[in-house]
Amino acid sequence: NEFIDLVIKARKKGRPFHLLLGAHTIKVGLSPVVIDLMKRRLVTGLSFNGAGLIHDLELAFFGGTSEDVQAGLQDGSFGMVKETGEMIASIGDIASTENLGLGQAGGQFISTRKAKYARYSLFASAYKLGLPVTVHMGIGTDIISQQPTFNAAHLGEASHVDFRVLANICTEINKGGVVANIGSAVILPEVFLKALTVARTISKGKNQLTTANFDMIMHYRPKVNIVDRPTHKAGTGFNFVGHHEIMIPLLAWGLKRKYKS
């Protein structure tokens, strides 16, 4: 209840509630829950690692996004789906040509190509709602890095655009906003810490924010980089342990029960 109250307080003051989402949240079917919160203007933006874009893209176009890693690893077929690599390459080309971040380019691609299941896409929904989505890739961390269509220059540049976008968002988060990390154990907690540092460098003043980490087990980096360090003498951090399929719908229910846009 305390965390929900702080989110409501922030939103009523026009401050952001930004989500850092691990890709697993998409795989377990939470996209409609988050889309609903975006439509209600409770959630104001999203950030992902590279796998988040991949899973969202595959769900939007194919209606599924999973494979047998063990079996695919044995014969070298794991992560070698041609269509996924080609679509990511196209998104990178769009980002490079139009000087867009990877998240915005992904939302534009899914929306304009009229993906069959676009209504379940977090990227397409945010694009239509005019909400920011950022993607923070690591070279070699995602299946697309294995493929001949992978363009590290385009995707790296677009991901850096998104880092700057997130740093700008963090300037508002640091003025009384809220950020929640849901299911990212390493990449997004590290990226957030650096983006917040940039925000505090370019926007001086009192540091004030609320943070929360949601995951199935306790990890070092989310606990330290989301819950503890950012809120030191600057706010309150929460750590919630439980399955995403249970915790996030409960969070959404609590928010909607108390918030009227």
Side-chain angles (χ1 to χ4, degrees), residues 1-25 34 37-38 42-50 52 101 103 126 131-138 159-242 244 247-248 251-252 254-255:
N1 279 339
E2 183 181 357
F3 176 67
I4 288 172
D5 287 342
L6 287 170
V7 173
I8 300 299
K9 180 180 178 181
R11 291 302 300 125
K12 286 185 175 180
K13 290 184 176 181
R15 299 306 182 192
F17 177 34
H18 193 83
L19 302 185
L20 313 171
L21 294 172
H24 191 68
T25 58
V34 177
L37 292 178
M38 289 194 294
L42 272 161
V43 167
T44 58
L46 310 172
S47 292
F48 294 92
N49 54 24
L131 297 178
V133 179
T134 65
V135 179
H136 308 275
M137 297 191 66
S159 191
H160 188 241
V161 169
D162 275 350
F163 176 75
R164 299 200 299 270
V165 171
L166 180 59
N168 186 59
I169 292 169
C170 283
T171 63
E172 296 302 313
I173 292 173
N174 197 46
K175 296 175 183 177
V178 184
V179 63
N181 178 63
I182 305 173
S184 179
V186 179
I187 290 182
L188 294 180
E190 291 289 356
V191 170
F192 171 71
L193 202 68
K194 280 71 173 184
L196 183 64
T197 300
V198 173
R200 289 179 174 177
T201 298
I202 64 177
S203 181
K204 299 298 184 181
K206 181 181 179 181
N207 301 326
Q208 182 63 43
L209 77 168
T210 300
T211 70
N213 180 60
F214 292 81
D215 213 336
M216 294 177 283
I217 62 174
M218 185 86 72
H219 291 285
Y220 168 78
R221 282 178 177 81
K223 176 65 167 60
V224 173
N225 289 358
I226 300 293
V227 179
D228 296 337
R229 287 171 174 163
T231 60
H232 180 63
K233 298 181 179 180
T236 306
F238 298 84
N239 198 71
F240 301 102
V241 177
H244 304 314
M247 301 297 289
I248 306 313
L251 172 64
L255 289 169

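The analysis underlying the following values was restricted to heavy atoms, covering all of them including side chains, and did not include hydrogens, waters or symmetry mates. Everything numeric here is computed off the predicted structure, so don't read it as measured data.
- Here Asp228 pairs with Lys223 under the side-chain hydrogen bond (donor to acceptor under 3.5 Å, both in side chains) rule; sequence neighbours left out.
- Residues satisfying the side-chain contact (heavy atoms from CB on, under 4.5 Å) test with Ser203, not counting sequence neighbours, are Thr171, Lys175.
- Side-chain contact check for Val241 versus Ile217: every heavy-atom pair is 4.5 Å or farther apart.
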Kindly determine whether Leu46 and Met38 satisfy side-chain contact (heavy atoms from CB on, under 4.5 Å), including the steps that lead there.
-> CA-CA 9 Å; Leu46 310 172; Met38 289 194 294; 3.8 Å; yes
For residues 16-24, which side-chain donor-acceptor pairs fall under 3.5 Å, sequence neighbours excluded?
unit_1, atom_1, unit_2, atom_2, d
His18, ND1, Gly45, O, 3.4
His18, NE2, Ser47, OG, 2.8

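- To the nearest 0.5 angstrom, Thr25 atom OG1 is 12.5 Å from Phe214 atom CZ.
- Across all non-hydrogen atoms, the minimal contact from Ala126 to Val133 is CB-CG2, 3.2 Å.
- For the pairing with Phe238, the side chain to side chain contact (heavy atoms under 4.5 Å, CB included) check across Thr231, Thr210, Ile226, Val227 returns one residue only, Thr210.
- Within the structure, side-chain hydrogen bond (donor to acceptor under 3.5 Å, both in side chains) pairs that include any residue of residues 1-10 comprise Asp5-Lys258 (at least two apart or interchain).
- Between atom OG1 of residue Thr44 and atom CG of residue Leu37 there is a gap of 11.0 Å, rounded to the nearest 0.5 Å.
- Scanning all heavy atoms of the two residues, the minimum distance from Phe240 to Met247 falls at CB-CE, 3.8 Å.
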Pairs of donor and acceptor atoms involving the side chains of residues 181-191, under 3.5 Å and at least two apart or interchain, shall be tabulated with distances.
unit_1, atom_1, unit_2, atom_2, d
Asn181, ND2, Ser184, O, 2.9
Asn181, ND2, Asn213, OD1, 2.8
Ser184, OG, Leu188, N, 3.2
Glu190, OE1, Lys194, NZ, 2.5
Glu190, OE1, Asn225, ND2, 3.4
Glu190, OE2, Arg221, NE, 2.8

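- The two residues Gly103 and Asp162 come nearest to each other via the heavy atoms N-OD2, 2.9 Å.
- The salt bridge (charged side-chain N to carboxylate O under 4.0 Å, His left out) pairs that include a residue from residues 209-218 number zero, where partners must be two or more places apart or lie in different chains.
- In this view, Arg15 and Glu172 satisfy the side-chain hydrogen bond (donor to acceptor under 3.5 Å, both in side chains) rule, not counting sequence neighbours.
- A distance of 12.5 Å separates CG of Leu251 from NE2 of His244, quoted to the nearest 0.5 Å.
- Note that CD1 of Ile202 and OG1 of Thr197 are 11.5 Å apart. Values are rounded to the nearest 0.5 Å.
- Under the side-chain contact (heavy atoms from CB on, under 4.5 Å) criterion, Ala195 pairs with Phe163, Leu166, Ala167, Cys170, sequence neighbours left out.
- Judged as a side-chain contact (heavy atoms from CB on, under 4.5 Å), and not counting sequence neighbours, the contacts of Asn174 are Leu196, Arg200, Asn207, Leu209.
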